[in-house]
**Student:** 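Sharing a structure here in structure tokens format.
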Amino acid sequence: MKARNTFAIALCALTFLCNAQTVIPIETKDFSMVFKTDAQHRLWNIYFGKKLKNTSDYKQIDEQYYFPDANAGIYNSAYTPSGTWNLSEPALQVKHFDGNRSTELLFRDVSIANQDGATVTKIKLQDPVYQLEVVLHYKVWSDLNVVEQWAEIINNEKGKIELNKYASANLFFTNKDFYLTHFQGEYLREMMPTEEKLTQGTKTVESKLGTRAMLLGTPNFIVSFENPVQEDSGMALVGQLAWSGNYKLEFDIDSNKNLRLIAGINPYESTYELQKGERFKTPSLIYSISKEGTGLASRQLHSWAKSHRVLNGNGDRLTLLNNWEATYFDFNEDKLSGLIEDTKHLGLDLFLLDDGWFGNKYPRNNDDAGLGDWQENKQKLPNGLGYLVQEADKNEVKFGIWIEPEMVNPESELFKTHPNWVIKQPERSAKLYRNQMVLDLSNPEVQDFVYGVVDNIFTKNPKVAFVKWDCNAVIYNAYSAYLQEKGMPQTHLYVDYVQGLYNVLERIRKKYPDVSMMLCSGGGGRADYEFLKYFTEFWPSDNTDPIERIFLQWNYTYFFPAITMDCHVTNWGNQPLKFKVDVASMGKLGFDVDVNHLTKDELEFSKRAIKNYNGFKHLVLHGEQFRLASPYQNPYASLMYVDKNKSKAVMFNYLSSNRFMERMTKRPIKMKGLDADKNYIIKEVNLNKNDEGSFVNPVKYSGDFLMTVGINPEINVKRTSVVLLIEEVK
Ligand code: DGJ
């Protein structure tokens with residue numbers, strides 16, 4: 001403890017001393033999280049809730065709560081260490097340079113700076129015995145009630161240390177009841193929500209899959225305070241750990257019924273060594289806090305994502321025709337040229353060539369060979385990609401390409417030449433996932449290779465305007481020949497893989513800052529806000545059955561704005577084409593159908609609907625989203641997007657359950673987000689040729705009426721989806 005007196009306490013506007021204890025409020029527009037030191041200079045989280053008018057009131061908060069030392073430790077540490085006084089789940093576990101495993105963290109100083117339109121508070125903690133420093137970062141976009149927080153662990157000890165657990169965030173909440181919604185799934189069933197009331201003990205949500213980490217469970221969550229999740233009322237926290245590898249979220253109700261949340265990289269097989277002088281920056285926990293339920297929380301998060309995170313988040317997106325379900329691996333130049341013409345004919349912006357265009361010695365005619373050999377297949381594409389790019393150019397559409405550069409089939413030249421580049425236990429037989437293995441991105445040579453795949457495509461074909469980056473395998477038999485050769489611990493692999501991938505993406509974005517890229521993962525195993533720094537959009541699921549998509553897309557809307565969500569019309573599902581197009585129009589619209597199989601009416605309808613989409617897409621991509629009726633609580637779903645001036649909006653209504661007993665009764669759906677004092681007319685779009693629709697003759701409604709009484713879109717078995725445009729009239 002002798003170091004205690006030497007700690008300098010840096011004071012700044014938002015920090016103050018009370019009886020020699022430092023109080024640090026971290027405030028957003030509506031909320032605050034408050035830290036306070038004790039006489040020993042330990043730092044405690046004493047408050048997370050509605051902001052108080054007077055900052056000076058914060059110092060009295062902890063007197064009102066009961067934060068005892070319950071033998072197992074005191075639960076509200078700002079970053080819980082292990083091996084000393086604490087016996088609850090730690091945020092940090094360290095083996096020091098001399099082998100000692102005990103850590104204490106005492107407050108050292110705090111500083112505040114402005115960065116990217118946000119306020120960053122840095123709180124420095126230090127072990128009084130070891131030269132180990134932890135800097136907690138809180139980046140706050142006050143108006144949006146969005147916080148991004150992470151930790152930096154700095155080794156100034158005399159030698160190497162081991163990080164056994166190194167969480168990004170250690171939050172503490174004191175409400176009476178907590179409800180957690182987490183999103184688990186499977187291939188084709190991604191992002192399925194479960195809500196549960198948290199009871200004493202720890203609920204863990206985690207992934208150990210290595211690559212497509214979100215496949216079985218996602219790092220997205222909603223914590224609702226006092227009551228189960230409500231759309232428009234109650235305090236809710238909508239968050240995500242922005243890390244594209246193994247993660248662990250621990251929701252721990254302590255013995256005083258308070259909630260601790262410890263979130264970070266999954267420590268499973270991931271002990272990380274830090275050499276003397278090195279530092280480790282954890283990934284970020286990002287969350288939006290709302291006093292008006294999940295609706296506002298999502299809108300805040302969407303605004304943040306568009307303006308501060310997603311690549312080209314406030315820009316445009318390209319509608320497209322994808323050939324995957326139209327051809328699978330079976331295509332040639334002529335067929336593709338035809339599809340390029342169809343792209344133009346339909347009025348879409350871009351043709352996207354999917355899997356199967358590469359590999360010669362091991363041609364990619366199926367998913368069992370060729371992955372890794374990124375040269376055009378001479379039989380299918382004798383004139384190379386360049387010819388197709390030209391064809392697209394001729395047809396005044398853009399060209400996009402599918403790649404899966406992190407993976408390899410054993411049946412490939414790449415694997416035969418570089419068997420050491422794959423992740424695999426040397427003494428064990430390989431376990432394949434979709435006939436493929438994962439390349440070892442901890443190896444800088446492999447990073448160069450993956451970067452080269454993209455760089456070669458763009459260098460040879462500068463007009464390529466879109467990349468679909470797929471990932472269809474998890475990491476089995478985790479072992480890196482590279483780490484072994486370098487004498488580095490194998491437990492670095494899961495972390496170094498992800499960081500290696502970020503390095504590659506960083507390099508790609510340096511050279512090609514603007515090209516649109518879709519994050520795909522054999523469906524929706526990958527979508528997080530660290531990846532979305534480099535990608536413009538993601539693929540939510542290979543499940544494109546429009547009924548399923550209503551639910552899937554609904555669930556993604558809690559966390560991601562529509563501009564990031566790729567939604568394609570395919571042959572999945574037995575619903576009419578109109579229904580499919582209407583569901584896919586709720587994000588970035590694409591088609592993945594054989595245009596020759598469309599009837600004349602369907603073709604005409606598609607062209608009209610694409611034109612309509614182009615007319616209202618600014619509302620979907622840039623408007624504010626309001627979830628109106630949940631398909632989980634009704635036999636229908638309804639959402640709307642409203643522009644900033646509240647003068648234009650688009651409303652999507654879908655019949656999601658067709659049981660006779662559940663069919664929608666004549667009941668209006670209340671709109672949201674309009675101006676009560678404005679008047680609007682409503683027009684139905686995407687009608688089939690001879691349909692009349694219910695809003696053929698524009699009727700004037702006040703915003704007040706639309707939001708208080710609502711309108712009935714008259715969804716029924718004959719009208720399973722209804723898209724309405726709402727426009728202000730003077
Ligand atoms: C999985 C993706 O989700 C599909 O859209 C398609 O690109 C295939 N991979 C291609 O192999």
Side-chain angles (χ1 to χ4, degrees), residues 185-191 209 211-216 218 244 319-331 336 339 350-359 362-374 377 380 399-409 411-412 432-439 453-454 457 464 466-474 516-527 531 535-546 548-549 552-553 556 564-573 580 584 587-594:
E186 237 287 27
Y187 178 57
L188 305 179
R189 294 197 276 121
E190 294 88 347
M191 276 301 267
L209 301 184
T211 45
R212 45 191 309 195
M214 277 179 66
L215 181 65
L216 304 179
T218 81
S244 316
T319 57
L320 58 80
L321 180 70
N322 187 193
N323 72 311
W324 176 239
E325 295 199 13
T327 65
Y328 293 105
F329 296 97
D330 179 21
F331 55 79
L336 296 180
L339 289 171
L350 176 135
F351 171 71
L352 169 61
L353 172 58
D354 215 284
D355 197 353
W357 58 268
F358 48 88
Y362 302 94
R364 180 77 170 168
N365 292 328
N366 209 325
D367 63 15
D368 57 4
L371 195 62
D373 299 347
W374 299 102
N377 178 284
K380 290 185 196 174
F399 184 83
I401 186 94
W402 177 98
I403 53 173
E404 191 179 359
E406 299 159 70
M407 318 262 146
V408 63
N409 285 128
E411 287 301 293
S412 67
L432 307 182
Y433 187 114
R434 204 196 186 203
N435 306 310
Q436 62 197 55
M437 297 166 87
V438 180
L439 292 176
V453 172
V454 179
I457 290 175
V464 167
F466 188 87
V467 170
K468 176 177 178 183
W469 183 303
D470 208 344
C471 161
N472 287 280
V474 297
S516 297
M517 295 215 294
M518 176 210 282
L519 186 57
C520 174
S521 180
R526 273 179 163 181
F531 261 144
F535 289 83
T536 45
E537 54 215 81
F538 68 89
W539 182 234
S541 178
D542 273 0
N543 187 341
T544 46
D545 177 316
E548 301 300 339
R549 272 286 176 141
L552 268 157
Q553 291 171 200
Y556 278 107
T564 59
M565 247 188 269
D566 285 341
C567 306
H568 294 181
V569 175
T570 72
N571 288 329
W572 285 57
K580 296 179 177 184
K588 196 207 85 166
L589 177 66
F591 278 66
D592 192 348
V593 290
D594 190 336

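Atoms within a ligand are numbered from 1 in the order they appear, just like the ligands themselves. Start at 1 with the first residue, then count along the sequence.
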**Student:** Among all protein heavy atoms, pick out the one at the shortest distance from atom 11 (O) of ligand 1; state its residue, atom name and that distance to 0.1 Å.
**Tutor:** Asp355 OD2, 2.6 Å

**Student:** Quick check on contacts: which atoms of ligand 1 are under 4.0 angstrom from a heavy atom of Asp542?
**Tutor:** 1 (C), 2 (C), 3 (O), 4 (C), 5 (O)

**Student:** Which heavy atom of Leu439 sits nearest to which heavy atom of Pro405, and what is that distance?
**Tutor:** CD1-O, 3.4 Å

**Student:** Begin with the C-alpha distance, continue with both residues' side-chain angles, and end with the deciding distance and a verdict on side-chain hydrogen bond (donor to acceptor under 3.5 Å, both in side chains) for Glu537 and Thr564.
**Tutor:** CA-CA 4 Å; Glu537 54 215 81; Thr564 59; over 6 Å; no

**Student:** Does Gly523 reach ligand 1 with a nitrogen or oxygen that is under 3.5 Å from one of the ligand's nitrogen or oxygen atoms?
**Tutor:** yes

**Student:** As an exercise, identify every atom of ligand 1 less than 4.0 angstrom from a heavy atom of Lys468.
**Tutor:** 4 (C), 5 (O), 6 (C), 7 (O)

**Student:** Can you check side-chain hydrogen bond (donor to acceptor under 3.5 Å, both in side chains) on Trp324 and Asp355, steps first, answer last?
**Tutor:** CA-CA 7 Å; Trp324 176 239; Asp355 197 353; over 6 Å; no

**Student:** For Gly522, take its heavy atoms, then give the atoms of ligand 1 lying under 4.0 Å from any of them.
**Tutor:** 1 (C), 3 (O)

**Student:** Would Glu325 count as a contact residue for ligand 1, given that I'm defining contact as a non-hydrogen atom of the residue lying under 4.0 Å from a ligand atom?
**Tutor:** no

**Student:** Quick check: closest heavy atoms across Asn409 and Arg434, and the distance to 0.1 Å?
**Tutor:** ND2-O, 4.3 Å

**Student:** Would you mind telling me if ligand 1 is within reach of the side chain of His568, the backbone, both or neither, using heavy atoms under 4.0 Å?
**Tutor:** neither

**Student:** Give me the one residue out of Trp469, Phe538, Trp539 that meets side chain to side chain contact (heavy atoms under 4.5 Å, CB included) with Arg526.
**Tutor:** Trp469

**Student:** Mind checking what makes side-chain contact (heavy atoms from CB on, under 4.5 Å) contact with Thr536, not counting sequence neighbours?
**Tutor:** Leu311, Asn312, Arg317, Ser516

**Student:** Considering the options Leu336, Leu320, Ile401, which one meets the side chain to side chain contact (heavy atoms under 4.5 Å, CB included) requirement together with Phe351?
**Tutor:** Leu336

**Student:** I'd like to check which ligand 1 atoms, numbered from 1 as shown, lie under 4.0 Å from a non-hydrogen atom of Cys520.
**Tutor:** 2 (C), 3 (O)

**Student:** Using a 4.0 Å heavy-atom cut-off, say whether Asn472 meets ligand 1 through its side chain, its backbone, both or neither.
**Tutor:** side chain

**Student:** Is there any N or O on Ser521 that sits under 3.5 Å from an N or O of ligand 1?
**Tutor:** no

**Student:** Could you tell me if Asp542 and Tyr187 have a donor-acceptor pair between their side chains, going purely by distance under 3.5 Å?
**Tutor:** yes

**Student:** Just which atoms of ligand 1 are under 4.0 Å from any heavy atom in Asp354?
**Tutor:** 6 (C), 7 (O), 10 (C)

**Student:** What protein heavy atom is closest to atom 2 (C) of ligand 1, reported as residue, atom name and distance in Å?
**Tutor:** Asp470 OD2, 3.3 Å

